[in-house]
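This report concerns only the one structure given below.
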Amino acid sequence: MYDFKITASDAQTMYADLASALQGLTAGEPDAIANMANAAALIWETLPDLNWAGFYRNVSGELVLGPFQGRAACIRIPFGKGVCGTAAATLQAQRVDDVQAFPGHIACDVASASELVVPIVRDGRLLAVLDLDSPTPGRFSAEDEAGCLKLAEVLSRAI
Ligand code: SME
């Protein structure tokens, strides 16, 4: 077992620590699924107030469920559908304070109130999206978005 205890007091330091832990955890390991599985576990253990953390992979132009922590979730999401599909289609992070107000939001877990989805892109190609859900409305700040984009950068070399 790896023991990464990340207990930074501010978000910026926490995401920097998380990014370097992720870098260390994935270094030298070419298996994308193994790296996504460890990344989901590390994010889940580190970030407070989440009810779901994980990945949807780009499989031939459709998002397919990847490694995650949380409740069993929808398996396939078309590009352009819901928060994940919008992030996949636009290659833009989606930070949603109130998922009920997001057109086409896919309610995999009714407990989810807010959501942050960041695309993971290598050489202009979408590999996957990282999806974080919280039971608290407005849980994700601009700092969370910037921090998760850093994680996505590390992951773009690891999956
Ligand atoms: N709510 C997401 C679907 C994935 S689950 O949250 C795990 C969406 O609208 O894309």
Side-chain angles (χ1 to χ4, degrees), residues 4 6 11 14-15 18-19 21-22 25-26 31-159:
F4 291 102
I6 299 169
M14 189 196 63
Y15 279 105
L18 197 47
L22 208 49
L25 202 50
T26 55
D31 190 276
I33 297 287
N35 286 338
M36 283 187 269
N38 262 340
L42 190 63
I43 290 166
W44 178 258
E45 190 184 359
T46 305
L47 297 185
D49 200 19
L50 301 180
N51 63 310
W52 204 88
F55 296 89
Y56 280 89
R57 299 161 298 130
N58 177 7
V59 180
S60 309
E62 184 179 30
L63 291 177
V64 181
L65 184 63
F68 68 93
Q69 303 273 314
R71 301 191 72 188
C74 359
I75 298 169
R76 292 175 185 271
I77 300 176
F79 276 34
K81 283 273 156 67
V83 186
C84 291
T86 301
T90 60
L91 298 183
Q92 297 294 317
Q94 302 294 313
R95 184 158 58 90
V96 180
D97 286 342
D98 173 9
V99 293
Q100 302 303 333
F102 190 93
H105 165 252
I106 302 162
C108 286
D109 182 345
V110 288
S112 298
S114 60
E115 185 160 356
L116 174 62
V117 181
V118 296
I120 302 169
V121 177
R122 187 170 62 223
D123 300 329
R125 194 186 106 75
L126 182 81
L127 302 175
V129 298
L130 169 64
D131 179 17
L132 305 180
D133 286 27
S134 171
T136 304
R139 152 72 180 82
F140 301 104
S141 65
E143 271 183 326
D144 289 302
E145 183 176 331
C148 286
L149 284 167
K150 276 211 172 65
L151 303 184
E153 207 178 294
V154 174
L155 287 162
S156 73
R157 298 185 291 270
I159 67 169

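Whatever order the structure lists them in is the order used to number ligands and atoms, beginning at 1. Just so you know, residue 1 is the first one in the sequence shown, and it goes up from there.
Within the listing of ligand 1, atoms 7 (C) sit less than 4.0 angstrom from a heavy atom of Trp52. For ligand 1, the atoms closer than 4.0 angstrom to any heavy atom of Glu115 are 1 (N), 2 (C), 6 (O), 8 (C). Residue-ligand proximity, Cys84 to ligand 1, at heavy-atom distances under 4.0 Å covers atoms 8 (C), 10 (O). The contact set between ligand 1 and Asp131, taken as ligand atoms under 4.0 Å from a residue heavy atom, comprises 4 (C), 5 (S), 6 (O), 7 (C). Close contacts between ligand 1 and His105 involve ligand atoms 1 (N), 9 (O) [criterion: under 4.0 Å to a heavy atom].
If you check which protein heavy atom lies closest to atom 6 (O) of ligand 1, you get Asp133 OD2, 2.7 Å. For atom 3 (C) of ligand 1, the nearest protein heavy atom (residue, atom name, distance) is Ile106 O, 3.6 Å.
With hydrogens and angles disregarded, no donor-acceptor distance shorter than 3.5 Å links the side chain of Asp131 to the backbone of Phe55. In terms of modelled atom types and a separation under 3.5 Å, the side chain of Arg139 and the main chain of Leu116 share no donor-acceptor contact.
Of the polar atoms of Val83, at least one N or O is found under 3.5 Å from an N or O of ligand 1, judged by distance alone. Considering backbone and side-chain atoms alike, Ala73 places every N or O at 3.5 Å or more from each N or O of ligand 1.
Between Ile33 and Arg57 the shortest side-chain heavy-atom distance falls below 4.5 Å. In this structure the side chain of Asp98 never reaches within 4.5 angstrom of the side chain of Pro137, judged on heavy atoms.
Each of Gln92, Lys81, Gln94 was evaluated against Thr86; a single residue qualifies, Gln94, per the side-chain contact (heavy atoms from CB on, under 4.5 Å) test. Between Thr136 and the choices Asp97, Asn51, Asp49, the side chain to side chain donor-acceptor pair (under 3.5 Å) rule is met once, by Asp49.
Residue Tyr56 touches ligand 1 through its side chain alone, judged by heavy-atom distances below 4.0 Å.
Residue nearest to atom 5 (S) of ligand 1, selected from Cys108, Cys74, Gly85: Cys108 (by heavy-atom distance).
Looking at every heavy atom in both residues, Val118 comes nearest to Ala93 through CG1-CB, 3.9 Å. Smallest separation of non-hydrogen atoms from Trp44 and Trp52: CZ3-N, 3.4 Å.
In this structure, Phe102 does not count as a contact residue of ligand 1, since none of its heavy atoms falls inside 4.0 Å of the ligand.
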